[in-house]
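One structure is given here, and the rest of the page talks about it.
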Amino acid sequence: MTKAASRTGDPLLLLAGGSNVVIGDDGFAGTAILIRSRGVEVISRRPDQLIIRVQAGHPWDEFVAETVTAGWAGVECLSGIPGSTGATPIQNVGAYGQDVAETISSVTVYDRADGVIRDMPAADCGFGYRASIFKHNERFVVLSVDFRLRPATESGPVRYAELARSLGVTQGDRVPLAAARETVLTLRAGKGMVLDSGDRDTWSVGSFFTNPILDGGAWEKLRAATEGTGEPPGWPGEGGRVKVSAAWLIDRAGFGKGYPGGDVPVSISTKHTLALTNRGSGSTAQLLGLAREIRDGVRDRFGVLLHPEPVLVGCEI
Ligand SMILES: Cc1cc2nc3c(=O)[nH]c(=O)nc-3n(C[C@H](O)[C@H](O)[C@H](O)COP(=O)(O)OP(=O)(O)OC[C@H]3O[C@@H](n4cnc5c(N)ncnc54)[C@H](O)[C@@H]3O)c2cc1C
């Protein structure tokens, strides 16, 4: 079907779980393809590593649960993320100190430009923070993803401070895989980051904005702008760049949890500042109106421009 749509030039929308797209109120004029392939297969096994092939439509969290049960370490901290496995390379899905770029060994794609199936090693996927060559690029359809995991009953070193605290260990310690998974699920549920149809705080795309990455000069400017309100949480990266907490900026710009409050169609989640939620009757126009208000408020207060994390289809912020 993808081949046929590519031949006719018909606009094509690939959709799997739909958990990271915002679609305009007028819908999508073209062919939408739902990716529903399933399957997990061990394709090579050595004492120190396994290569596991997962079909694109396979629900991500089912795969993570299976790795924990089987004793395959490497993705346990990515528990509870909605959507499909084939979408995880698109924005290099990450949480709680892990991202999929660390364990993906290759991605099998259908290349719509050349009309062929290719295996792309991880080094060719352009992985970065919530980014890859697949994001905002209609050329590649992910068919399956190969993960390189470790046979182990313990997790990798716990990197994320909040997770280590909740597990009662020091950052860098290892914990049983099941403990890592359960603790991540509990932390995520407390923030409305595990889908629950009865909890409107989870009716979101997860984080609406990415954490901005500032160069050294912009970071110093931000520190000056926030003098007196406490230093913004920042994580140093390569080349003197600093990744800054978007949630902190949004909150300090006056958009706290639950904003704007009252009986409204869309609002910030009452549990997480980064999640913009539909309270039941919201439209995309209303959601994006709220996103614009927040983006402009942060820019005016701190001079930092926030960028949306989800893929916007037939709409823009
Ligand atoms: C409550 C909640 C919490 C979340 N938490 C996190 C988190 O902690 N970390 C994180 O990184 N993300 C998080 N997300 C975002 C989302 O779950 C992930 O991005 C997920 O990988 C999207 O999967 P999906 O199958 O729903 O993709 P979709 O929303 O269906 O698609 C997303 C994009 O990928 C493209 N795409 C999907 N499948 C394919 C394919 N096989 N080939 C080519 N393109 C494809 C689509 O065209 C679209 O552009 C969260 C979302 C929600 C709702």
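Computation of the quantities below employed the complete heavy-atom set of this structure, encompassing side-chain atoms and omitting hydrogens, waters and symmetry-equivalent molecules. Residues: numbered from 1 along the sequence shown. Note that ligands are numbered from 1 as they come in the structure, with each ligand's atoms numbered from 1 the same way.
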Any N/O pair [X]/ligand 1 closer than 3.5 Å:
| X | value |
| --- | --- |
| S84 | yes |
| G18 | yes |
| L14 | yes |
| S204 | no |
| G192 | no |
| L195 | no |

Which of these, [options], has its nearest heavy atom closest to [atom]?
| atom | options | result |
| --- | --- | --- |
| atom 20 (C) of ligand 1 | P82, G17, S207 | P82 |
| atom 43 (C) of ligand 1 | F140, F134, F208 | F140 |
| atom 36 (N) of ligand 1 | V109, V100, T88, I90 | I90 |

Under the side chain to side chain contact (heavy atoms under 4.5 Å, CB included) criterion, do L177 and T153 qualify, and how do the steps go? CA-CA 6 Å; L177 292 178; T153 52; 5.6 Å; no
Is R188 in contact with ligand 1, taking contact as a heavy-atom separation below 4.0 Å?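 Contact check R188 vs ligand 1: positive.
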Mind checking whether K135 has a heavy atom under 4.0 Å from ligand 1?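 For ligand 1, residue contact (heavy atoms, under 4.0 Å) with K135 is absent.
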For K221 and D215: C-alpha separation, side-chain torsions, deciding distance, then whether salt bridge (Lys or Arg N to Asp or Glu O under 4.0 Å) applies. CA-CA 10 Å; K221 260 197 204 155; D215 62 27; over 6 Å; no
Do the side chains of F255 and L249 join up, straight or via other hydrophobic residues, at under 4.5 Å, putting them in one cluster?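 Looking at the clustering, L249 is in the same group as F255.
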Under 4.0 Å between a Lys/Arg side-chain N and an Asp/Glu carboxylate O for [X] and [Y]?
| X | Y | value |
| --- | --- | --- |
| E220 | R223 | yes |
| D201 | K191 | no |
| R188 | D61 | no |

